[in-house]
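These notes concern the structure reproduced below.
Start at 1 and go down the list; that is how both ligands and their atoms are numbered. For the numbers below, each heavy atom of this structure counts, side chains included, while hydrogens, waters and symmetry mates do not. If you read the sequence from its start, that first residue is 1, and numbering goes on from there.
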Amino acid sequence: MHICVIGGGLAGLTAALRLSESHEVTILERGEVAGGCLSSYNLPAYAIESLYHHCFSGDDRLFSLLEECDLLSDLEWLKGSTGYLVNQRIYPLTTPLQILRYPLLTLFEKIRLGLFVLGSRSADPEVLDSVTAKDYCIERLGDRIYSSFFEPLLSSKFGERKDEVSAAWLVSRISIRSDRGPGGERLGYLKGGYIRLINALLSKLTATGCRIEMGHPVVSAYPDDGGWVVDGTRYDCIISTLSPQETARICSVPLKPLPYQGAACLTLGTPIDPTNGIYWVNMGDPAPYGAVITHTNLVPSDRYGEHIVYIASYFSDSPPENCENVFLSDFCTRFGLQREQILWHHLRIEPNAGPVYVTGYKTMMPEPNPVPGLFIAGMFSIENYPERSMEGSIKAGEDIARRVMEWSYI
Ligand SMILES: Cc1cc2nc3c(=O)[nH]c(=O)nc-3n(C[C@H](O)[C@H](O)[C@H](O)COP(=O)(O)OP(=O)(O)OC[C@H]3O[C@@H](n4cnc5c(N)ncnc54)[C@H](O)[C@@H]3O)c2cc1C
């Protein structure tokens, strides 16, 4: 069989890897580099993801893939730390002691919060798909704890759509992020960056004879005599890893659109640590971005010779106007940096940064094989519910490859 994979992100690359041993596979990728959301900037001295990335202790499919690529021994487990910027001050909120010292909640509220987190870890996300995270929190914790603790978190992940997000997302997030010891959360990062995984996958694919066409944005696909024609070339079937709405547009199939959001992320290098040793700072004060993530407070800065900072924001329709300048000037003022201390910066606007897990999302997810010969998998798949991740997209890619194999035997 000749299979066309649309999209060279993690889902497309893993699906292609699983199929290319026994089938002819062509990957068509719009961008000039592979990796999709996990692609990197190749700077003169090092490579760094254009969107912040770390992994979690339960990411078994990712670990297997790293092992297959001889990279697992380079996966490091590092201490992640978090904080809130409120009233122009960063409050560290990583360890139980720091949470106890947090002055904006009373002791009673902190005990309630602790019990809520413990309870949410064992809650069943399935039954919470129809409840908003906001209502779930307010009912159990009251307005004050919600607005001072969970609202900034929801805001940093979903921007203006925060009130629509389901409690299923929140409880699964709490359970993923609970791998904590007294010193903080354990987060995984691949020494040298995840670009090494993408490059290893590309080498493996090339070795199996897979054809990879970068800089090829697919514009049209239609069924033809039991197969599919994609941009003029005939294939026996297609795997599309694009959002359902993009696949529907390109392939003229009736797939219901899913709520998606975009991300605007400015990455910069600076000699200064702007967040006082904290990796992830959510903005509690109103700001044009939702979080400031100092990568070099997770991975030591001496590996890079400078600090690497992400200024991140999600948007629903179009990116904030002039966001490069707006982000930079707000960041410099708020975090006390001079403009000359920004050594370099790059902006990435990713229109398809992931689904918004609104209430009822579970019932909206499309079938993996909606019409004959067309298979779909990616951030919108069940494997990525109720939070998209590298793990989920690898699983989605591998699972769709299995479906294609079963279909090819029929
Ligand atoms: C800001 C951000 C931070 C994240 N942080 C983490 C993290 O810390 N940990 C974690 O586990 N996960 C994280 N993720 C999620 C993770 O990156 C994704 O789940 C995963 O990389 C998605 O892979 P994918 O292949 O499903 O989709 P994508 O990576 O979106 O791949 C789709 C590919 O299709 C290509 N494409 C689009 N249109 C066309 C077309 N018409 N023709 C051809 N090609 C096309 C795109 O260029 C892209 O390469 C993050 C995501 C974002 C956006």
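Taking every heavy atom of Gly36 and a limit of under 4.0 angstrom, the matching atoms of ligand 1 come to 29 (O), 48 (C), 49 (O). Counting atoms of ligand 1 from 1 in the listed order, those under 4.0 Å from a heavy atom of Tyr314 are 1 (C), 2 (C). Which parts of ligand 1 touch Gly378 is read off a 4.0 Å heavy-atom cut-off, strictly below it: atoms 26 (O). Here is the list of ligand 1 atoms found below 4.0 Å of a heavy atom in Leu28: 43 (C), 44 (N).
The ring-ring contact (aromatic ring centres under 6.0 Å, His included) test with Tyr279 singles out one residue from His295, His307, His54, and that residue is His54.
Scanning the protein for heavy atoms near atom 34 (O) of ligand 1, the closest one is Gly7 CA, 3.3 Å. For atom 42 (N) of ligand 1, the closest non-hydrogen atom of the protein is Val218 N, 2.8 Å. Among protein heavy atoms, atom 21 (O) of ligand 1 sits closest to Cys37 CB, 3.8 Å. Looking only at heavy atoms of the protein, atom 9 (N) of ligand 1 is closest to His54 O, 2.8 Å. Here the heavy atom of the protein found nearest to atom 19 (O) of ligand 1 is Ser389 O, 3.0 Å. Gly9 CA, 3.5 Å is the protein heavy atom nearest to atom 31 (O) of ligand 1. With respect to atom 44 (N) of ligand 1, the closest heavy atom belonging to the protein is Arg30 N, 3.0 Å. The nearest heavy-atom contact from the protein to atom 6 (C) of ligand 1 is His53 CD2, 3.3 Å.
At least one heavy atom of Glu29 sits less than 4.0 Å from an atom of ligand 1. Put simply, part of Met379 is less than 4.0 Å from ligand 1, judged by heavy atoms. For the ligand labelled ligand 1, residue Pro217 lies inside the 4.0 Å heavy-atom shell.
With a 4.0 Å heavy-atom cut-off, ligand 1 is reached by the side chain of Ile250 but not by its N, CA, C or O. The side chain of Leu242, and not its backbone, has at least one atom closer than 4.0 Å to an atom of ligand 1 (non-hydrogen atoms only; side chain from C-beta on). Contacts of Tyr189 with ligand 1, taken as heavy-atom pairs under 4.0 Å, are absent altogether. Of all the heavy atoms of His216, the ones lying under 4.0 Å from any atom of ligand 1 belong exclusively to the backbone.
Note on residues 297-317: pairs passing salt bridge (charged side-chain N to carboxylate O under 4.0 Å, His left out), not counting sequence neighbours, are Glu76-Arg303. Within the structure, side-chain hydrogen bond (donor to acceptor under 3.5 Å, both in side chains) pairs that include any residue of residues 123-134 comprise Glu126-Lys362, Asp129-Tyr385, Thr132-Asp135 (at least two apart or interchain).
In terms of heavy-atom proximity, Tyr289 sits nearest to Met283 at O-CG, 3.4 Å.
Contact of the Leu170 side chain with the Ser120 side chain is not registered, since no non-hydrogen atoms from C-beta on lie closer than 4.5 Å. Using a 4.5 Å cut-off on side-chain heavy atoms (C-beta onward), Leu19 and Ile239 make contact.
Heavy-atom neighbours of Arg196 CZ from other residues, nucleotides or ligands within 6.0 Å: above the threshold of 12. A 6.0 Å sphere centred on CZ of Arg101 holds no more than 12 heavy atoms belonging to other residues, nucleotides or ligands. The 12-atom threshold is not exceeded at CD of Glu21, counting heavy atoms of other residues, nucleotides or ligands nearer than 6.0 Å. Under a cut-off of 6.0 angstrom, the local environment of NZ in Lys110 is crowded, with over 12 non-hydrogen atoms contributed by other residues, nucleotides or ligands.
For the residue pair Thr94 and Ser81, no side-chain donor N or O sits within less than 3.5 Å of a side-chain acceptor on the partner. At a cut-off of 3.5 Å, with distance as the only test, no side-chain donor of Ser301 or Thr296 sits close to an acceptor on the other residue. Inspection of the Tyr260 and Glu246 side chains reveals no N or O donor paired with an N or O acceptor under 3.5 Å.
For ligand 1, the polar-atom distance check finds an N/O of Leu10 within less than 3.5 Å of one of the ligand's N/O atoms. The shortest N/O to N/O separation between Ala263 and ligand 1 does not fall below 3.5 Å. For Tyr52, a nitrogen or oxygen atom sits less than 3.5 Å from a nitrogen or oxygen atom of ligand 1, counting backbone and side chain alike.
Closest heavy-atom approach to atom 10 (C) of ligand 1 within the set Arg388, Arg249, Met390: this belongs to Met390. Across Ala396, Ser393, Gly8, heavy-atom proximity to atom 20 (C) of ligand 1 is greatest for Ser393.
The six-membered or imidazole ring of Tyr361 lies away from that of Trp169, with a centre-to-centre distance of 6.0 Å or more.
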